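Everything below concerns the one structure shown next.
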Amino acid sequence: MPTPTGPHLCYALAARQNARHLSRLYDNHLAPAGLSVSQFSILSLLEAYQSLKITSLAHMLSMERTTLVRALKPLQAAGWVVAGRADSGRAFDVTLSPSGVAKVAEAVPLWENAQAAFEREVGQDRAARMRDEILELNLGG
């Protein structure tokens, strides 16, 4: 492999190129469910945690709160997510609706196919090592 030079030395460029590739791969697999990988990630976290404060969900996704609010709008419009003021009246709680639970169940096999496709592309061990190393970095978290 040639030594990176010029813009190819940039960590951000390398990460973004690969992130775009992964997003396209997952988006293509999730398309039959009408979801993007970003939407699937939101729905999956809500399924796992049942109810989250919007600030907690934004932190888990490494997103700005306002960006997450915009991302939630189509999920709310589809009836998959419910957001409302918590008891304190200040924070928003976000939960998955019953149709949201069904949407996750529909999308999980598609997501599993995307996982398998990526593992075929780079190798199962390498894919797992990549994920584990990225998680170990814990950037922004």
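Here the structure is a predicted model, which means the values were calculated and not measured.
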Evaluate the side-chain proximity of [Y] to [X]: yes if any heavy-atom separation is below 4.5 Å, no if none is.
| X | Y | answer |
| --- | --- | --- |
| Leu96 | Gln50 | no |
| Arg16 | Tyr11 | no |
| Leu61 | Ser41 | yes |
| Val82 | Val94 | no |

List the steps, then state whether side-chain contact (heavy atoms from CB on, under 4.5 Å) holds for Leu139 with Ile134. CA-CA 8 Å; Leu139 299 175; Ile134 291 167; over 6 Å; no
Residue pairs fulfilling salt bridge (Lys or Arg N to Asp or Glu O under 4.0 Å) with at least one residue in residues 67-78, sequence neighbours excluded: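 Listed by first then second residue: nothing to list.
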Does anything in residues 20-48 pair up under salt bridge (Lys or Arg N to Asp or Glu O under 4.0 Å), and if so which pairs, sequence neighbours excluded?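 Listed once each, the pairs would be none.
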Pairs flagged by side-chain hydrogen bond (donor to acceptor under 3.5 Å, both in side chains) wherever residues 123-135 is involved - sequence neighbours left out: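 Residue pairs with at least one partner in residues 123-135: there are none.
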Look up atom CG in Asn28 and atom CG in Leu110, then write down how far apart they are to the nearest 0.5 Å.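 Output value for this atom pair is 11.5 Å.
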Say you draw a straight line from CG of Leu57 to CG of Asp93; how long is it, rounded to the nearest 0.5 Å?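 Separation between the atoms: 11.0 Å.
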Which atom of Val104 lies closest to which atom of Ser44, heavy atoms considered: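 Closest approach of Val104 to Ser44, heavy atoms only: CG2-N, 4.4 Å.
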Do you know the tightest heavy-atom contact between Ser56 and Leu52?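 What the structure gives for the nearest pair is CB-CD2, 4.5 Å.
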Which residues satisfy the salt bridge (charged side-chain N to carboxylate O under 4.0 Å, His left out) test with Glu106, sequence neighbours excluded?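 Applying salt bridge (charged side-chain N to carboxylate O under 4.0 Å, His left out) to Glu106 gives Lys103.
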Apply side-chain contact (heavy atoms from CB on, under 4.5 Å) to the pair Ile42 and Leu68, showing each step before the final yes or no. CA-CA 9 Å; Ile42 292 168; Leu68 176 58; 3.9 Å; yes
Do Val69 and Tyr49 belong together in a cluster built from hydrophobic side chains that touch within less than 4.5 Å?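 Per the 4.5 Å side-chain linkage, Val69 and Tyr49 are co-clustered.
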Examine distances only and state if a side-chain atom of Ser99 and a backbone atom of Gly79 form a donor-acceptor pair shorter than 3.5 Å.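 Yes, because the side chain of Ser99 sits within donor-acceptor range (under 3.5 Å) of the backbone of Gly79.
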Mind checking what makes side-chain hydrogen bond (donor to acceptor under 3.5 Å, both in side chains) contact with Gln76, not counting sequence neighbours?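 In terms of side-chain hydrogen bond (donor to acceptor under 3.5 Å, both in side chains), with neighbours along the sequence ignored, Gln76 is linked to no residue.
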Donor-acceptor pairs are to be reported for all side-chain atoms of residues 29-40 against protein atoms at under 3.5 Å, with residues two or more places apart or in another chain.
from: His29; atom 1: ND1; to: Leu25; atom 2: O; distance (Å): 3.0
from: Ser36; atom 1: OG; to: Ser38; atom 2: N; distance (Å): 3.4
from: Ser36; atom 1: OG; to: Gln39; atom 2: N; distance (Å): 3.1
from: Gln39; atom 1: OE1; to: Ser36; atom 2: N; distance (Å): 2.9

For Val81 and Thr95, what are the C-alpha separation, side-chain angles and deciding distance, and is it a side-chain contact (heavy atoms from CB on, under 4.5 Å)? CA-CA 6 Å; Val81 170; Thr95 57; over 6 Å; no
